[in-house]
Protein chains: 2
Amino acid sequence: MTVAENEINKTTKQNITPVVEDYLKAIYSLRQTGETVRTAALAVRLNVKPPTVTAMLKTLADLNLIRYEPYRGVELTESGEQIALEVVRHHRLIELYLVEALGFSWDEVHDEAEVLEHFISEKLEARIADYLGNPTHDPHGDPIPNLDGTLPETTANTLADFSPAAREVRVVRVRDQNPDRLRYLSEIGLVPQSTIKIVAAEPFDGPITIQISKKKIALDRQLARLILVEEMKG
Amino acid sequence: MTVAENEINKTTKQNITPVVEDYLKAIYSLRQTGETVRTAALAVRLNVKPPTVTAMLKTLADLNLIRYEPYRGVELTESGEQIALEVVRHHRLIELYLVEALGFSWDEVHDEAEVLEHFISEKLEARIADYLGNPTHDPHGDPIPNLDGTLPETTANTLADFSPAAREVRVVRVRDQNPDRLRYLSEIGLVPQSTIKIVAAEPFDGPITIQISKKKIALDRQLARLILVEEMKG
DNA sequence: TTTAAGATTTAGACTATACTAAATTTTGTG
DNA sequence: CACAAAATTTAGTATAGTCTAAATCTTAAA
Ligand SMILES: [Mn+2]
Ligand SMILES: [Mn+2]
Ligand SMILES: [Mn+2]
Ligand SMILES: [Mn+2]
């Protein structure tokens, strides 16, 4: 045997393929919702069938990137999370770079970043971060993980949680990556850093009406839940 | 059977993997030397063993990307060449972009481009080309294939072919991608567009002595063969 | 508390790309 | 022109990632 049997579980650079990175990223992102990360959710997210997920979960567990309890779900280990965060950093830096340096709009960057995140070198990552002045947020307001694997703290509520009583709020993040919806949102001026006023909130989970520079727009409550805002200070 | 048997030879986007692209690019580049492209040369270039090449050549022939005569070598078909040229275009645009927009030096860009060439979208390619003003040559003086798959014509001789009789020449291309040698060459000022004078050429394939802005430097004949130059007009 | 529906895993298979060892073809030398 | 050396292909195997069909586990409803 070429490799000793007690070495089979070692994580090497080689083992971290683009597919592995996407699984880790998916686990990380699904965990953000607070729920246990299950096979079915991963299958949907990653566009594969459940048995494919099960097979990969075993591989990831062998690499000590996740803790896996059959039938019960998974969670990232410390090293799994570090890799996930590094890939997320790549993704968000690339998104911002494409917008800032190459004139992409915020609805065009996701698919490009989804691929390139796996292939830029550490050197290119550094040059991009440097060019952008070590930014903390991407074009959607998503926080960019730091090099050390920490995340800029975000304290924001969703637009859906605010009542008309609230005064002006500032949009800080748009948690949507559907190109058509993103185009719609930027058309009405609802982008990170814009200021809006909440005009009305219909009961029974009805629409939220907001005002953006004179214009009133009714937003579906589901969509409003994806818009994170902060109260204006002062 | 899901796919009819008379359809097995169809080239689809799916079939064109990064590995396939690298084979086509390698065949294209080896062909430039004028010699028949053989299994052994491809194996060396692509860092795989000869049986691996044989297997892939069959696949490429099935996809109508090459003509393959067992034991006798291969050549690209029209569609194989188009794909090779497109990948070369990506490679060289990326190299130039990294130098122009992100401060890379010419010895750092090859490895990065070798990977990214397979993963940029057509949209990103277009934005990069646009940013660069639709350039015709990369940082090494290598011609960048046009969108239509044609190549800017280059008429240049190697430095090794010139005798001291020749007057000043302009460096137009450096056919080397070894980072250490490239650093050496840029240190002595031997880069595309620089002007040099040929001072001496030793017999028996000996060194060529050149002068670059007052300084005389002896260049190994092998290395001189990789430097393409043009006589200055006027 | 039983049981059926839903979720998940197991079993078995396939494709792409790689390898080593062995067989075969080509080529260059005597 | 014969034949050994070199080049190439064939044969058989491996790994990563995917699939479908079948088995098994979990859970929620009767
Ligand atoms: Mn990805
Ligand atoms: Mn984003
Ligand atoms: Mn490549
Ligand atoms: Mn080049």
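We name chains A, B, ... by the order of the sequence lines, and we start the count at 1 in each one.
Side-chain atoms of His110(A) and His91(A) include a donor-acceptor pair closer than 3.5 Å. A side-chain donor-acceptor contact under 3.5 Å links Asp22(A) and His118(A). Using modelled atom types and a 3.5 Å distance limit, the side chains of Glu86(A) and Gln82(A) yield no donor-acceptor pair. A donor-acceptor pair shorter than 3.5 Å can be found between the side chains of His90(B) and Glu125(B).
Under the side chain to side chain donor-acceptor pair (under 3.5 Å) criterion, the residue pairs touching residues 29-41 of chain B are Ser29(B)-Arg45(B), with sequence neighbours excluded.
Leu42(A) approaches Ala26(A) most closely through the heavy-atom pair CD2-CB, 3.8 Å.
One atom, NE2 of His118(B), and another, P of dA16(C), lie 18 Å apart when rounded to the nearest Å. If you measure from atom CZ of Arg38(A) to atom C1' of dT9(C), you get 13 Å, rounded to the nearest angstrom. Summarising the geometry, the separation between CD on Glu35(A) and C1' on dA7(C) is reported as 15 Å, rounded to the nearest angstrom. The CE-P distance, from Met56(A) to dT10(C), rounds to 16 Å in whole Å. dT10(C) atom C1' lies 10 Å from atom OH of Tyr68(A), rounded to whole Å. Between the P atom of dT8(C) and the CZ atom of Arg72(A) lies a distance of 11 Å, rounded to the nearest Å. Rounded to whole Å, the distance from CG on Leu42(A) to P on dT9(C) is 10 Å.
Arg89(A) is listed as a side-chain neighbour of Leu147(A), based on a closest heavy-atom distance under 4.5 Å. With a 4.5 Å cut-off on side-chain heavy atoms, Asp107(B) and Asn178(B) do not count as touching.
Taking the six-membered ring for Trp and thresholds of 30 and 60 degrees, Tyr131(B) and Tyr97(B) have ring planes more than 60 degrees apart, a perpendicular arrangement.
Between Thr17(B) and the phosphate of dT17(C), there is a side-chain N or O to OP1/OP2 separation shorter than 4.0 Å. Dashed line: the shortest gap from a side-chain N or O of Tyr23(B) to OP1 or OP2 of dA16(C) is not under 4.0 Å.
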Protein-to-nucleotide contact annotation, 5' to 3' order, nucleotides 19-24 of chain C [B base; S sugar-phosphate only; - none; under 4.0 Å, heavy atom]: BBB--B
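For DNA chain D, the outermost nucleotides in 5' to 3' order that have an atom under 4.0 Å from a heavy atom of chain A are dG17(D) to dT27(D).
Thr39(B) comes within contact range of the sugar-phosphate backbone alone, with a heavy-atom separation under 4.0 Å but no base atom that close.
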